[in-house]
Amino acid sequence: MDIEAYQSNNTQNMTLRSQVPDVTRVEPCWMGIDEAGRGPVLGPMVYGTCFCPISMKEKLEESGFADSKTLSEEQRENLFSKIGESADWTGWLVEILSPFYISTSMLRRFKYNLNELSHDCAIGMINKVIDAGVQLTEVYVDTVGDPGKYQAKLQQLFPQVKCTVAKKADALYPIVSAASICAKVARDRAVKAWVFTEGAAIKVNENGFGSGYPADPNTKQFLVENLDQVFGFPHFVRFSWSTADKLLQDKAVPVHWDDDEEGNEGKAAKHAKNTPKLESFFNAKPAEVKAKTHRFFTERCLKSVEGF
């Protein structure tokens, strides 16, 4: 999994994928979907999928896949290597969602929350796998939100595929565990090799920036030390998170908006004063309507003559 292209432009989303094994184009396949990095205030969120022929289920189970969160980084890397060694019958795909994209999506004028973003990402991954020619017949997804509603949504979009959405799917289905490994390895590598577009101005202490979760002391220190009072946080930070927003409110330079000059009561009074009463529309005399002269006449300095 080469993330060098993502390192060079980490403000954008990026899709990384393996080759599609020939066997997956001719045999019925199952795929799993899981994510890594949903909760942290730092770094990208990554969605991962893994797919292989249903006939290889037992072989996949023998590989010892488990929920990536229960494994060390070394164990995850070893399991991802096993996926690579099975390239003749196993394929994978990851979608890296940049912190900048996550924050700007959540702060749109029309709300686009993290659940909707996650659903759309999973739907996009299913479409990409199908478009690649994989004979997909079963999909297993670790739930985001209500599993019943999520499953019904996927089933309606992909009636030709059996869709299963469950809590802790990464612990129930080996194919989801494999997807979880792909997602976590991609996030680990992206975070570890993060290139700060802001340059040398970024301060990282000897303990790094921690896990990225708001409760981590090293993460808190990184946020405080890298808050610019005017420009806010570097792109590595999800500035839509409440942790980051509170720091901006407390420590950044306050922004004055013209609309804030009047309180709500003042605005309401001013609006009421300038709004005409309803009866005025019925009592007013109709305005005299003057016919507008066509530009054909005005351009030629022609005027109508009366009295003949």
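All of these numbers come straight from a predicted model, not from anything done at the bench. When reading the values below, keep in mind they use all heavy atoms of this one structure, side chains included, and skip hydrogens, waters and symmetry mates.
The side chain to side chain contact (heavy atoms under 4.5 Å, CB included) with C182 is formed by just one residue from the set V46, L16, I83, L79; it is I83. Applying the salt bridge (Lys or Arg N to Asp or Glu O under 4.0 Å) test between E95 and each of K128, R17, R187 identifies K128 as the sole match.
The two residues A244 and V41 come nearest to each other via the heavy atoms CB-CG2, 4.4 Å. Nearest heavy atom pair, residue P21 against residue A87, reads CG-O, 3.3 Å. Of all non-hydrogen atoms in P44 and A190, the two that sit nearest each other are CG-CB, 4.2 Å. Between R238 and G37, the shortest heavy-atom distance links the atoms NH2-O, 2.6 Å. R25 and A132 get closest at one heavy-atom pair: NH1-O, 2.6 Å.
Using a 4.5 Å cut-off on side-chain heavy atoms (C-beta onward), V26 and Q135 make no contact. Inter-residue side-chain proximity for H119 and K153 is flagged as met; some heavy-atom pair is nearer than 4.5 Å. Inter-residue side-chain proximity for V23 and D88 is flagged as unmet; no heavy-atom pair is nearer than 4.5 Å. Side-chain contact between M125 and T15 is absent, with no heavy atoms from C-beta onward closer than 4.5 Å. Taking 4.5 Å as the limit, every side-chain heavy atom of K162 sits out of range of all side-chain heavy atoms of V139. By the 4.5 Å heavy-atom criterion applied to side chains, Y213 and T219 are not counted as neighbours. Here the side chains of Y140 and S177 are not in contact, with every heavy-atom distance at 4.5 Å or above. By the 4.5 Å heavy-atom criterion applied to side chains, T143 and Y150 are counted as neighbours.
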Could you give me the CA-CA distance, side-chain angles and deciding distance for Q151 and Q156, then say whether side chain to side chain contact (heavy atoms under 4.5 Å, CB included) is met? CA-CA 9 Å; Q151 181 170 308; Q156 184 177 14; over 6 Å; no
Does the pair D216 and F209 meet the rule for a side chain to side chain contact (heavy atoms under 4.5 Å, CB included), with working shown? CA-CA 9 Å; D216 188 317; F209 36 71; over 6 Å; no
Show, in sequence, the C-alpha distance, side-chain angles and deciding distance for S118 and R38, and conclude whether the side chain to side chain contact (heavy atoms under 4.5 Å, CB included) test is met. CA-CA 9 Å; S118 297; R38 179 181 171 87; 3.2 Å; yes
Do V176 and V141 pass the side chain to side chain contact (heavy atoms under 4.5 Å, CB included) test, and can you show the C-alpha distance, the side-chain angles, and the key distance before you say yes or no? CA-CA 7 Å; V176 181; V141 185; over 6 Å; no
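Although no hydrogens or angles enter the test, the distance criterion places a donor-acceptor pair under 3.5 Å between the side chain of N226 and the main chain of K203. Not a single donor-acceptor pair under 3.5 Å links the side chain of T49 to the backbone N or O of A179. Side-chain atoms of S103 never come within 3.5 Å of backbone atoms of F100 as a donor-acceptor pair (strictly under, hydrogens ignored).
The pair R189-E77 meets the salt-bridge criterion, since a charged nitrogen lies less than 4.0 angstrom from a carboxylate oxygen. No salt bridge links E225 with K220; every basic N to acidic carboxylate O contact stays at or beyond 4.0 Å. At a threshold of 4.0 Å, the pair D188-K184 counts as salt-bridged, since one of the basic side-chain nitrogens sits closer than that to a carboxylate oxygen.
Remark: Q160 CD is packed, more than 12 non-hydrogen atoms of other residues, nucleotides or ligands lying under 6.0 Å away.
Atom CG of L247 is separated from atom CG of L227 by 6.5 Å, given to the nearest 0.5 angstrom. Taking CG of L60 as the reference point, atom CD1 of I54 lies at 12.0 Å (rounded to 0.5 Å). Note that the CD1 atom of I130 and the SG atom of C29 stand 11.5 Å from one another [nearest 0.5 Å]. Residue D142 holds its CG atom at 10.5 Å from OH of Y173, rounded to the nearest 0.5 Å. Atom-to-atom distance recorded for I175:CD1 and C52:SG is 4.0 Å, nearest 0.5 angstrom. Rounding to the nearest 0.5 Å gives a distance of 8.0 Å between CD of E35 and CG of L114.
Less than 6.0 angstrom separates the ring centroid of W92 from the ring centroid of F80. Taking the centre of each ring, F233 and F239 stay at or above the 6.0 Å mark. Within the 6.0 Å centre-distance limit, the rings of F236 and W194 are counted as a close aromatic pair.
Residues E27 and S55 have side chains that bring a donor and an acceptor to within less than 3.5 angstrom of each other. Using modelled atom types, one finds no donor on one side chain facing an acceptor on the other under 3.5 Å when comparing D22 with T24. For the 3.5 Å distance criterion, the side chains of N10 and S98 fail to qualify, holding no donor opposite an acceptor.
The hydrophobic cluster containing L42 does not contain V195, counting ILVMFWY residues as joined when their side-chain heavy atoms lie under 4.5 angstrom apart, directly or transitively.
Between F196 and F222, the angle of the ring planes lies from 30° to 60°, which puts this pair in the tilted group.
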